[in-house]
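Here's the structure, in C-alpha cells; my notes come after.
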Amino acid sequence: MKHFLRMFVQVCLYFYCKCLWRCLKFVVRKLTGRCELQRICYNTKPGAARTMKIEASLKGSKSKRLQTSVSVHPDAIEKTIDDIMELKRINPDINPQLGVSLQACLLQIVGYRNLIAEVEKLRREPYDSENLQHEEMLLKLWKCLKPNSPLKARISKQWCEIGFQGDDPKTDFRGMGLLGLYNLVYFAEWDTEIAQQVLSDSLHPKYREVTKKELSHFSKAEWEKKKFDKAIGYSFAIVGINITDLAYNLLVSGALKTHFYNVAPEAPTLTHFQQTFCYLMHEFHKFWIEEDPLDIMEFNRVREKFHKRILKQLQNPEMALCPHFAASESLINM
C-alpha cells in the first residue's frame, strides 16, 4: 500500500510540474514576445550549453514535429528549420540569426546520433583475417609502433611486444570489433611519437616521483616496502581496446555531447571520436602512473576511477577535451 501511495504521489507531482512548466513557458513568452528556442539562442553562447538546451527543448515539446526534428536526415535540416520557424510563427526576415543558430545546433544533434550509428557499426563488425583491408590495417599498426623491427610472420609471438595476448591479434578484437583496431591505428599513425612512448612506458614502467608530502606520511615499513616494489606496466593493445570500450560508453550514454558540441562547429565525425580516444589513451597512461598500482589485478579499479574523473569533467558544459598533441591539433572550441 505504501509503495502504491508513493508511486501515486510521484505521478501527481510529475503531471503537476509538467503543467506548471508549460504555464510558466506560456507566461514568459507573452511577457518577452519570444518562444523558448529564441530565448535559448539569444541568451546562451554557442557550444554545448546552447545545443543541449535546444535539444532538451525540442525533445520536450508537445509538438510531434518538434520532437522528431532531432532525428531527421542531415539533408532535411534546412527544411526542418523552416518548419520550426513556421510552427513557432517566427518571421525569418526579422530573426535571420535564429535560423542560423538553430541550424548549427541541429547539425550537431543529428550528427551525434549518426556518429553513434557509425561507431556501433564498426563495433559490431568482427575482425576477418580473410579480409585484405583488415589485414593491411593490422600490419600498419605494427609498422607504426615498431618501424625498426620487421614482423617475421603474420602469426607470431612478436604481437605480444605491442600488447596483444597471443600470437594472433584477431582474437583480441572480439569485444570491440573493428572499432578497437581503427582507434589503435589512428593513434599510432597520427600521434606516432606519443603512441610509441606510451608503448615503451607500458613495457618498461617507471615510478612516479613521490612528493615530500607523501613521503612524510610513509611509515618506516611502508617506505621499505616501497623501495623494493616494482613498477607495474600493462598490455598496450589490450588497454587500447579497453579504452575504446570506455570511449564507446561515454559516446552512447551522451556524456561526450559536452565535448563534441564544444569542439565540432557542425556534425561531429568519426575523426572527432578517434581524436577523443587518443586523448583518453594518453590521459589514462598518465593516470596509471599516478595511481602506481600494486599489480595488474588493480586495472579495473584504476579504470573505473579514471572513468569517474572523465565523467566529472564532462559535467561542465564548457568542457572540451582539447589536449596539446598531434592527433588533436584540429580540435577547436567554437
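Just the heavy atoms: all of them, side chains too, but no hydrogens, waters or symmetry mates, feed the values below.
Panel note: side chain E125, backbone G177; no donor-acceptor pair is recorded below 3.5 Å. A donor-acceptor pair is defined here as one N or O able to donate and one able to accept, closer than 3.5 Å; such a pair exists between the side chain of E298 and the backbone of L294. Remark: the backbone N or O of Y279 is not paired with any side-chain donor or acceptor of H282 at under 3.5 angstrom. Of the possible polar contacts, none joining the E291 side chain to the W288 backbone as a donor-acceptor pair under 3.5 Å is found. Between the side chain of N262 and the main chain of T258, a donor-acceptor pair closer than 3.5 Å is present. Under a 3.5 Å cut-off, the side chain of S253 and the backbone N or O of L250 do form a donor-acceptor pair. R174 places a side-chain N or O within 3.5 Å of a backbone atom of T171 that can act as its donor or acceptor partner. Under the 3.5 Å distance criterion, the side-chain polar atoms of T44 are left unmatched by any main-chain donor or acceptor of C41. Here the side chain of S71 pairs a donor or acceptor atom with the backbone of T68 at under 3.5 angstrom. Under a 3.5 Å cut-off, the side chain of Q315 and the backbone N or O of A255 do not form any donor-acceptor pair.
Closest approach of L37 and L98 over heavy atoms only: O-CD1, 4.1 Å. Looking at every heavy atom in both residues, I109 comes nearest to Y261 through CA-OH, 3.6 Å. When all heavy atoms of A188 and A195 are compared, the closest pair comes out as CA-CB, 3.9 Å. Smallest separation of non-hydrogen atoms from L107 and P268: O-CD, 4.5 Å. Closest non-hydrogen pair, F273 versus A247, comes out as CE1-O, 3.6 Å. Nearest heavy atom pair, residue I40 against residue R50, reads CG2-O, 3.9 Å.
Ion pairing between E135 and R154 holds under the 4.0 Å rule for side-chain N and carboxylate O. The residues E118 and K121 are annotated as not salt-bridged, no charged nitrogen and carboxylate oxygen being separated by less than 4.0 angstrom. Using a cutoff of 4.0 Å between basic side-chain nitrogens and carboxylate oxygens, E55 and K59 are scored as salt-bridged. Using a cut-off of 4.0 Å between Lys/Arg side-chain N and Asp/Glu carboxylate O, E136 and K140 are scored as not salt-bridged.
The shortest distance between side-chain heavy atoms of D245 and N249 falls below 4.5 Å. By the 4.5 Å heavy-atom criterion applied to side chains, W142 and Q158 are counted as neighbours. The closest side-chain heavy-atom distance from D83 to K88 is not below 4.5 Å. Residues P126 and K170 have side chains not in contact (no heavy-atom distance under 4.5 Å, counting atoms from C-beta outward). Using a 4.5 Å heavy-atom threshold, the side chains of V72 and V110 count as touching. Taking 4.5 Å as the limit, every side-chain heavy atom of P317 sits out of range of all side-chain heavy atoms of M52.
Atom NZ of K257 has more than 12 heavy atoms from other residues, nucleotides or ligands within 6.0 Å. By the 6.0 Å contact criterion, CZ on R309 is enclosed, its count of non-hydrogen atoms from other residues, nucleotides or ligands being greater than 12. R301 CZ: more than 12 foreign heavy atoms inside a 6.0 Å radius.
Both the sub-6.0 Å distance and the 45° axial angle are not jointly satisfied by K305 relative to the ring of F287.
Note that the CG atom of L178 and the CG atom of D128 stand 9.0 Å from one another [nearest 0.5 Å]. Separation of atoms CG (L58) and OG (S69) is listed at 4.0 Å; rounding is to 0.5 Å. S200 contributes atom OG, which lies 11.5 Å from atom CG of L145 (distance to the nearest 0.5 angstrom). One distance of note links CD1 of I81 with CD of Q103; it measures 6.0 Å at 0.5 Å rounding. Going from atom CD1 of I90 over to atom CG of D82 covers 11.5 Å, rounded to the nearest 0.5 Å. A distance of 9.0 Å separates CD in E266 from CD1 in I77, rounded to the nearest 0.5 Å.
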- Just do the side-chain contact (heavy atoms from CB on, under 4.5 Å) check on K146 and L199 with the steps written out, would you? CA-CA 10 Å; K146 306 278 284 185; L199 171 62; 4.3 Å; yes

- Which is it for I238 and N242 under the side-chain contact (heavy atoms from CB on, under 4.5 Å) test, yes or no, and what are the steps along the way? CA-CA 6 Å; I238 296 301; N242 201 290; 5.6 Å; no

- Message: With ring-ring contact (aromatic ring centres under 6.0 Å, His included) as the criterion, how do F284 and F299 come out once you've worked through the C-alpha distance, each side chain's angles and the decisive distance to 0.1 Å?
- Response: CA-CA 11 Å; F284 179 80; F299 177 81; 5.6 Å; yes

- Evaluation steps, salt bridge (charged side-chain N to carboxylate O under 4.0 Å, His left out), between K157 and D168: CA-CA 8 Å; K157 288 292 183 185; D168 190 352; over 6 Å; no

- Task: Mind running side-chain contact (heavy atoms from CB on, under 4.5 Å) on D172 and W159 for me, showing each step along the way?
- Result: CA-CA 11 Å; D172 293 326; W159 290 111; over 6 Å; no

- Candidate pair L179 and F173, rule side-chain contact (heavy atoms from CB on, under 4.5 Å), full reasoning: CA-CA 8 Å; L179 185 62; F173 291 116; over 6 Å; no

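Clustering ILVMFWY residues whenever any of their side-chain heavy atoms sit less than 4.5 angstrom apart, transitively, puts L141 in a cluster other than the one holding I155. Using a 4.5 Å cut-off between side-chain heavy atoms of Ile, Leu, Val, Met, Phe, Trp and Tyr, with links allowed through other members, M176 and Y182 fall into the same hydrophobic cluster. Hydrophobic clustering of Ile, Leu, Val, Met, Phe, Trp and Tyr side chains at less than 4.5 Å, counting indirect connections, unites L203 with M281. Put simply, V252 and F306 are part of the same group of oily side chains (I, L, V, M, F, W, Y) that touch within less than 4.5 Å, one to the next. In the hydrophobic clustering of this structure, L122 groups with F277; members are Ile, Leu, Val, Met, Phe, Trp, Tyr whose side-chain heavy atoms approach within less than 4.5 Å, directly or through other members.
No side-chain donor-acceptor contact under 3.5 Å links S156 and D167. Q67 and S61 form no side-chain donor-acceptor contact under 3.5 Å, judged by distance and modelled atom types alone.
Under the 30°/60° scheme for interplanar angles, the aromatic rings of Y234 and H285 are found to stand perpendicular. The aromatic rings of Y127 and H134 lie tilted to each other, with the angle between the two planes from 30° to 60°.
Applying the ring pair (Phe, Tyr, Trp, His ring centres under 6.0 Å) rule to Y248 yields no partners; only residues at least two apart in sequence or on another chain are considered.
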